[in-house]
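In this text, all values refer to a predicted model and were calculated from it rather than measured experimentally.
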Amino acid sequence: MDFESSTHFPYSKYLQETFQAKTYKIVVASGLTCPTRDGTIAKAGCAFCDLRGSSSFYGKKGRGDSVKEQIQSRIPGIQKRFGAEAFLAYFQSYTNTYSDVDYLREIYEAALAEPGIRGLCVGTRPDCLPDPVIDLLEELAQKSYVSLELGVQSFEDKSLLWLERGHDAQCSIDALEKLRVRAPSVHTCVHLMFGQPTDTPEVAKNAALILNDLGVKGAKLHQLMVLEHTKLAELYRREPFHTVSLEEYTNLVIDFVDHLSPEIYIERLSATATHPDECIAPEWSRNRWAPHNKMREMMLASGCKQGRRIISKGPTTLS
Ligand code: SF4
């Protein structure tokens with residue numbers, strides 16, 4: 001058995017089971033922004049976020065047309081490079097439910113109408129999911145595959161405050177509970193970040209136990225990175241704070257995986273900085289394979305196995 005299958009339920013297996021085809025995500029810009037960028041909550045974005053400027057096509061032309069053009073221009077390259085057979089339109093950057101339902105319907109349906117597109121992945125925040133948006137996602141999910149990639153980042157309020165997210169843990173729990181009841185056809189994947197200096201030692205275990213209870217399909221993990229052009233970079237230069245070593249982070253991942261239900265797929269265990277030269281800390285985030293190999297070695301040595309340490313249901317604390 002390979003490393004992935006022997007330790008956890010990998011995303012590749014979930015995709016194969018769901019689509020029976022080699023499936024790839026195509027990143028599509030929605031033209032939307034975030035409440036932490038447009039002044040509703042804040043103007044400079046969440047403290048760790050290095051997205052700059054605003055999406056380029058907003059207001060330039062018919063929105064559905066732009067989605068169509070983006071998908072049509074990207075499919076051939078991905079098909080050629082990876083031998084992909086099926087595609088998901090991935091509204092990845094910014095908050096892709098942060099608009100009125102008519103606009104969202106237009107861009108989502110434009111994506112689903114493209115040949116080769118088997119479904120949607122919609123990245124968003126837990127505080128941007130009003131009922132009409134959830135109902136739209138459920139309506140589309142009853143006809144096509146829809147995954148909601150929910151940026152929860154942490155279930156600890158102290159860390160959410162430090163990250164300047166503009167919402168608390170209860171907001172994420174409420175959103176996940178509502179999605180479970182009101183949008184049962186939507187596949188929700190929760191994005192989490194470990195390694196904040198404000199995290200408690202139980203952060204990973206508690207997050208897994210919360211997810212087990214809330215009906216999510218997937219989880220995607222990444223370590224806290226201090227990237228150029230972010231508020232964290234300014235803070236780090238002013239008052240350096242601890243960032244996780246690879247060993248510390250891997251122990252958090254092991255704790256998470258050991259406590260996570262084996263039915264929840266794991267899309268990613270750690271992240272690599274997209275622009276290594278812009279990653280200030282931790283340094284190991286600049287490389288892909290050396291950290292991957294070390295994590296693999298530590299996980300195998302610990303006997304890590306998804307769900308092996310679940311002894312009771314439900315979160316211990318939400319802090
Ligand atoms: S982390 Fe997400 S919600 Fe926060 S500013 Fe960046 S894109 Fe927007």
Requested in this report: Verify side chain to side chain donor-acceptor pair (under 3.5 Å) between Gln223 and Ser285, making sure each step is shown before the conclusion.
Outcome: CA-CA 8 Å; Gln223 69 278 18; Ser285 305; 3.1 Å; yes
Query - side-chain contact (heavy atoms from CB on, under 4.5 Å) between Arg180 and Leu214, intermediate numbers included - result: CA-CA 7 Å; Arg180 178 172 56 180; Leu214 289 175; 4.2 Å; yes
Query raised in the report: Please walk me through it: do Arg81 and Ile78 pass side-chain contact (heavy atoms from CB on, under 4.5 Å)?
Result: CA-CA 5 Å; Arg81 193 161 161 217; Ile78 296 177; 5.8 Å; no
Report task. For side chain to side chain donor-acceptor pair (under 3.5 Å), just list the numbers for Ser12 and Gln16, CA-CA rounded to whole Å, side-chain angles, deciding distance to a tenth of an Å, and then say yes or no. Result -> CA-CA 6 Å; Ser12 54; Gln16 186 60 37; over 6 Å; no
Requested in this report: Quick one: do Thr7 and Lys305 satisfy side-chain contact (heavy atoms from CB on, under 4.5 Å)? Show the steps, please.
Outcome: CA-CA 4 Å; Thr7 53; Lys305 176 100 186 143; over 6 Å; no
Side-chain donor-acceptor pairs of residues 190-198 under 3.5 Å, sequence neighbours excluded:
| unit_1 | atom_1 | unit_2 | atom_2 | d |
| --- | --- | --- | --- | --- |
| His191 | NE2 | Glu149 | OE1 | 2.6 |
| Gln196 | NE2 | Met193 | O | 3.0 |
| Gln196 | NE2 | Asp199 | OD1 | 3.1 |
| Gln196 | NE2 | Asp199 | OD2 | 3.3 |
| Thr198 | OG1 | Ser159 | OG | 2.9 |

Please report, to 0.1 Å, the donor-acceptor pairs under 3.5 Å made by any side chain of residues 130-138, with sequence neighbours excluded.
| unit_1 | atom_1 | unit_2 | atom_2 | d |
| --- | --- | --- | --- | --- |
| Asp131 | OD1 | Lys178 | NZ | 2.7 |
| Asp131 | OD2 | Arg182 | NH1 | 3.4 |
| Asp135 | OD1 | Arg182 | NE | 2.8 |
| Asp135 | OD2 | Arg182 | NH2 | 3.0 |
| Glu138 | OE1 | Ser185 | N | 2.9 |
| Glu138 | OE1 | Ser185 | OG | 3.4 |
| Glu138 | OE2 | Gln142 | NE2 | 2.9 |
| Glu138 | OE2 | Ser185 | OG | 2.7 |

Donor-acceptor contacts, no H, no angles, side chain residues 108-123, under 3.5 Å, sequence neighbours left out:
| unit_1 | atom_1 | unit_2 | atom_2 | d |
| --- | --- | --- | --- | --- |
| Tyr108 | OH | Asn96 | O | 2.7 |
| Glu109 | OE2 | Arg105 | NH1 | 3.0 |
| Glu114 | OE1 | Gln72 | NE2 | 3.0 |
| Arg118 | NH2 | Phe19 | O | 3.4 |

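Between Phe48 and Trp162, the gap from one ring centroid to the other reaches at least 6.0 Å.
The CD atom of Glu234 sits 7.5 Å away from the OG1 atom of Thr230 when rounded to the nearest 0.5 Å. Note that OG1 of Thr36 is 13.0 Å distant from NZ of Lys43, once rounded to the nearest 0.5 Å. Here Leu104 contributes atom CG and Ser30 contributes atom OG; the two are 8.0 Å apart, rounded to the nearest 0.5 Å. Expressed to the nearest 0.5 Å, how far CG of Leu129 lies from OG1 of Thr188 amounts to 8.5 Å. Here OG1 of Thr250 is found 9.0 Å from CG of Leu269. Values are rounded to the nearest 0.5 Å. Here OG of Ser154 is found 10.0 Å from CG of Asn206. Values are rounded to the nearest 0.5 Å.
Asp168 contributes no side-chain N or O that, together with a main-chain N or O of Asp157, makes up a donor-acceptor pair within less than 3.5 Å. Proximity of a side-chain donor or acceptor of Gln70 to a complementary backbone N or O of Ala29 within less than 3.5 Å is detected. Between the side chain of Arg37 and the backbone N or O of Leu51, at least one donor-acceptor pair lies under 3.5 Å. The backbone N or O of Glu263 sits nowhere less than 3.5 Å from a side-chain atom of Gln306 that would complete a donor-acceptor pair. Asn212 places a side-chain N or O within 3.5 Å of a backbone atom of Ser261 that can act as its donor or acceptor partner.
When every heavy atom of Arg165 is checked against every heavy atom of Cys46, the shortest pair comes out as NH1-SG, 3.6 Å. The shortest heavy-atom contact between Val186 and Ala141 is CG2-CB, 3.8 Å. Among all heavy-atom pairs drawn from Glu4 and Pro10, the shortest one is OE1-CB, 3.5 Å. Shown here for Cys189 and Glu267, the closest heavy-atom pair between the two residues is SG-OE1, 3.7 Å. When every heavy atom of Phe155 is checked against every heavy atom of Ser172, the shortest pair comes out as CE2-CB, 4.1 Å. Shortest non-hydrogen contact noted between Ala169 and Leu160 is N-CD1, 3.3 Å.
Here the side chains of Pro35 and Arg125 are in contact, with some heavy-atom distance below 4.5 Å. Between Ile75 and Ile26, the closest side-chain pair of non-hydrogen atoms falls below 4.5 Å. Pro262 places none of its side-chain heavy atoms less than 4.5 Å from the side chain of Phe9. In this structure the side chain of Val253 reaches within 4.5 angstrom of the side chain of Met299, judged on heavy atoms. Considering only heavy atoms from C-beta on, Glu228 comes within 4.5 Å of Ile280 through its side chain. Within the 4.5 Å cutoff, side-chain heavy atoms of His222 are placed close to those of Gln153. Contact check for Thr243 versus Val226: side-chain heavy atoms found under the 4.5 Å cut-off. Side-chain contact between Phe256 and Leu252 is absent, with no heavy atoms from C-beta onward closer than 4.5 Å.
The environment of CD in Glu283 is sparse: at most 12 heavy-atom neighbours from other residues, nucleotides or ligands sit within 6.0 Å. Counting non-hydrogen atoms of other residues, nucleotides and ligands closer than 6.0 Å to NZ of Lys231 gives a total above 12. Within 6.0 Å of NZ in Lys68 there are 12 or fewer heavy atoms belonging to other residues, nucleotides or ligands.
Counting only residues at least two apart or on different chains, no side-chain hydrogen bond (donor to acceptor under 3.5 Å, both in side chains) pair has a member in residues 286-300. Each salt bridge (charged side-chain N to carboxylate O under 4.0 Å, His left out) pair with one or both residues in residues 244-261, not counting sequence neighbours, appears once here: Asp255-Arg309, Asp258-Arg308, Asp258-Arg309. Screening residues 5-19 for salt bridge (charged side-chain N to carboxylate O under 4.0 Å, His left out), with sequence neighbours left out, gives no hits.
With sequence neighbours excluded, the residues forming a side chain to side chain donor-acceptor pair (under 3.5 Å) with Thr124 are Thr97, listed by chain and number. With sequence neighbours excluded, no residue satisfies side chain to side chain donor-acceptor pair (under 3.5 Å) with Ser144. Every residue meeting the ring-ring contact (aromatic ring centres under 6.0 Å, His included) condition with Tyr11, not counting sequence neighbours, appears here in chain and number order: Tyr14, Tyr265. Residues passing the ring-ring contact (aromatic ring centres under 6.0 Å, His included) test with Tyr24, sequence neighbours excluded: Phe82.
Membership of the apolar cluster around Leu227 extends to Met225, as traced through chained side-chain contacts below 4.5 Å between ILVMFWY residues. The other residues sharing a hydrophobic cluster with Val27 are Tyr90, where clustering joins ILVMFWY side chains under 4.5 Å apart.
Counting only N and O atoms by type, the side chains of Tyr98 and Thr40 include a donor and acceptor under 3.5 Å apart.
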